2 protein chains.
Amino acid sequence: MTSEAVETAQHYWYDDDAQRQRSIAVLEAMRTYRAAEAAMQRRTQVAMGMGETDLLALRYLLRMHRAEHSVGPKELAAYLGISSASTTVLLDRLEKTGHLSRQPSPFDRRALIIVPTPASEEAVRRTLDGMHERMIAIASDLSPDDAQTIVSFLGGMRDAVDAIDKHDAGDGHDAIVTHDAGHGHGHDSGDGRRGAGRDA
Amino acid sequence: MTSEAVETAQHYWYDDDAQRQRSIAVLEAMRTYRAAEAAMQRRTQVAMGMGETDLLALRYLLRMHRAEHSVGPKELAAYLGISSASTTVLLDRLEKTGHLSRQPSPFDRRALIIVPTPASEEAVRRTLDGMHERMIAIASDLSPDDAQTIVSFLGGMRDAVDAIDKHDAGDGHDAIVTHDAGHGHGHDSGDGRRGAGRDA
DNA sequence: TATTGATCGCTAGAACATCTAGCTACATGA
DNA sequence: TCATGTAGCTAGATGTTCTAGCGATCAATA
């Protein structure tokens, strides 16, 4: 939707208006992609009968498993940005539905190794690999220059997003303090969810 | 992180390995951007003391308010993809914290109009506008060709993500069903939740 | 070897957002 | 006027997360 704006700008590349049209088209493309990705993620969650965290956890486990890297509850909790307790329950869930198994660590008798089951591997692969292949295909078709352009662009966007207001950004939890005033009492505050899940 | 791979490929643009390096760099850049964006969203939620749905609702309300479009609970529920009951509670929350007010509809005495408060407008603007400006600046600095490249690329990626396995993709909640087999049955498709959240 | 402090994963109990079901008040059309 | 539909709310249940604290185990040291 509305991504042809760029074409109409051919004769005005020096013109502010055309430039504006182009940036709108670019940002719109980003929004559209984001929306598509969010919808995909939701579809996948429904299809596999699990929530966002569960799916994120499973994908991390599979990725690490493929890379021959053992993962324990502690590492998983850190990756997901959830507490140790929540991780225990998450593992219970995924173990009960047959997506993973807990195995004792050979090095540390307190610790566990979490191993995704082959069946889970298969399910995730069936669900996501087609998409992944298509994405790789698109990326592979780019010329070196275009690839460089896109990498730079995304890097810039990442910085823009990362740099969000270190200085004020509100005072934290609780109300907006129009007239209502008083009673701060921050009933819940905290939260600390999802630790910036980077992946590899 | 790891986005220099493209440079090393100058002498091998015809080479499979270099091409592979480039696509890896591109996909890595996308992942990194996604992670940054997720982290930003979390920071914003914490800063404003609300969950994802609340923030999404507030942004929708503000956008529609700017566009002079009145929103009622029903429409908001449809946009967010949550039930009427959850919407009521959500409105209670946001009203109590001073982010919006409920006003009677002049046309239908059953209905409400939800109006975001100026204070809320201010808070969201302070939190997000800096980022938005930086993103616009980056998009504006692109050459017409680069802009076109990026729009095409993102469009392709969107299609790749949209096209995810209409045919099988598991059967829903509960267990893993190993071999399982097809039976498409697409229970929801059309989706519902989180109406492809575009924002402005 | 025995002790001490840190670490690992688990349990208990509470907070919260969401859901479904059902309700009241109002609108609309015969 | 009355029947049916719609908007938003309440009640009760479910599921996911949190904080606090526990037992088992490891690592370092006297």
Side-chain angles (χ1 to χ4, degrees), chain A residues 42 45-46 48-58 61 70-97 100-115 173-174 185-195 197, chain B residues 42 45-46 48-58 61 70-97 99-115 172-174 188 192-194:
Chain A
R42 226 159 15 69
Q45 283 171 33
V46 171
M48 301 202 54
M50 50 177 75
E52 185 180 349
T53 309
D54 298 48
L55 191 60
L56 217 52
L58 203 49
L61 289 176
S70 299
V71 178
K74 183 190 171 70
E75 180 183 340
L76 184 61
Y79 171 72
L80 295 172
I82 63 177
S83 69
S84 148
S86 305
T87 304
T88 295
V89 184
L90 180 146
L91 293 179
D92 288 346
R93 270 198 304 275
L94 293 180
E95 189 171 35
K96 186 153 54 184
T97 50
L100 55 82
S101 69
R102 285 155 151 130
Q103 296 180 3
S105 163
F107 306 114
D108 185 337
R109 276 193 289 171
R110 296 168 302 178
L112 292 180
I113 296 179
I114 310 171
V115 183
H173 54 286
D174 206 65
H185 87 303
H187 45 353
D188 79 315
S189 80
D191 179 0
R193 268 168 58 85
R194 209 130 299 162
Chain B
R42 215 164 24 72
Q45 283 170 32
V46 171
M48 300 201 56
M50 51 178 74
E52 185 181 351
T53 308
D54 299 47
L55 191 60
L56 218 50
L58 203 49
L61 290 175
S70 299
V71 178
K74 184 189 171 70
E75 178 182 341
L76 185 60
Y79 171 73
L80 295 172
I82 62 178
S83 69
S84 150
S86 304
T87 304
T88 295
V89 184
L90 180 146
L91 293 178
D92 289 345
R93 267 198 306 273
L94 293 180
E95 189 172 35
K96 185 152 56 183
T97 49
H99 288 285
L100 55 84
S101 69
R102 282 184 248 222
Q103 296 180 4
S105 164
F107 307 112
D108 185 337
R109 276 195 287 171
R110 296 169 301 180
L112 292 179
I113 296 180
I114 310 170
V115 184
H173 55 289
D174 207 61
D188 82 315
R193 257 178 76 82
R194 216 131 290 169

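The shown structure was predicted, so the numbers you read here are calculated from the model rather than taken from an experiment. Lettering of chains follows the sequences in order, A, B, ..., and the numbering in each one begins at 1.
In terms of position on DNA chain D, the residue among A/L90 and B/R102 whose nearest nucleotide sits closer to the 5' end is B/R102. Both A/V89 and B/P73 sit near DNA chain D, but only B/P73 has its closest nucleotide nearer the 5' end.
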Do any N or O atoms of the protein come closer than 3.5 Å to N or O atoms of nucleotides 21-27 of chain D, and which pairs are they?
from: D/dT25; atom 1: O2; to: A/R110; atom 2: NH1; distance (Å): 3.3
from: D/dC26; atom 1: OP1; to: A/R109; atom 2: N; distance (Å): 3.0

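The distance from atom CG of A/L91 to atom P of D/dT16 is 13 Å, rounded to the nearest whole Å. For the pair B/Q45 CD and D/dT17 C1', the computed distance is 14 Å after rounding to whole Å. A straight line from CG of B/L112 to P of C/dA25 spans 15 Å, rounded to a whole angstrom. Remark: C1' of D/dT17 and CD of B/E52 are 15 Å apart, rounded to the nearest angstrom. To the nearest angstrom, C1' of C/dA15 lies 17 Å from CG of B/D92. One can place CG of A/L80 at 9 Å from P of D/dT17, the figure rounded to the nearest angstrom. The nearest whole Å value for the distance from the CG atom in B/L56 to the P atom in C/dT18 is 11 Å. One can place CD of A/E95 at 13 Å from C1' of C/dC10, the figure rounded to the nearest angstrom.
Among residues at least two apart or in separate chains, salt bridge (Lys or Arg N to Asp or Glu O under 4.0 Å) pairs with a member in residues 77-93 of chain B are B/D54-B/R93, B/D92-B/R102.
Within the nucleic acid shown, B/A111 comes within 4.0 Å of sugar-phosphate atoms alone, with no base atom in reach, counting heavy atoms only.
In this structure, the separation between CG on A/L80 and OG1 on A/T53 is 6.5 Å, given to the nearest 0.5 Å. Interatomic distance, B/T88 OG1 to B/L112 CG, rounded to the nearest 0.5 Å: 8.5 Å.
Nearest nucleotide to the side chain of B/I82, out of D/dT17, D/dT10, C/dC19: C/dC19. Of the candidate nucleotides D/dC18, D/dG8, C/dC19, D/dC18 has the atom nearest to the side chain of A/S83. The side chain of B/A85 lies closest to D/dA11 when the candidates are D/dA11, D/dG8, C/dG9. Looking at the side chain of B/R93, the nearest of the listed nucleotides D/dC9, C/dA17, C/dA12 is C/dA17.
Summarising the geometry of A/G72 relative to A/I114, their closest heavy-atom pair is C-CD1, 3.7 Å, with the distance given to 0.1 Å. The two residues B/P106 and B/I113 come nearest to each other via the heavy atoms CD-CD1, 3.8 Å. Residues A/S83 and A/A77 share a closest heavy-atom pair of O-CB, 4.2 Å.
Distances shown here put a side-chain N or O of A/T88 below 4.0 Å from the OP1 or OP2 atom of C/dC10. Here A/S105 does not reach the OP1 or OP2 of C/dC8: none of its side-chain N or O atoms lies under 4.0 Å away.
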Could you check A/M50 against A/L58 for side-chain contact (heavy atoms from CB on, under 4.5 Å), going step by step and ending with a plain yes or no? CA-CA 10 Å; A/M50 50 177 75; A/L58 203 49; 3.9 Å; yes
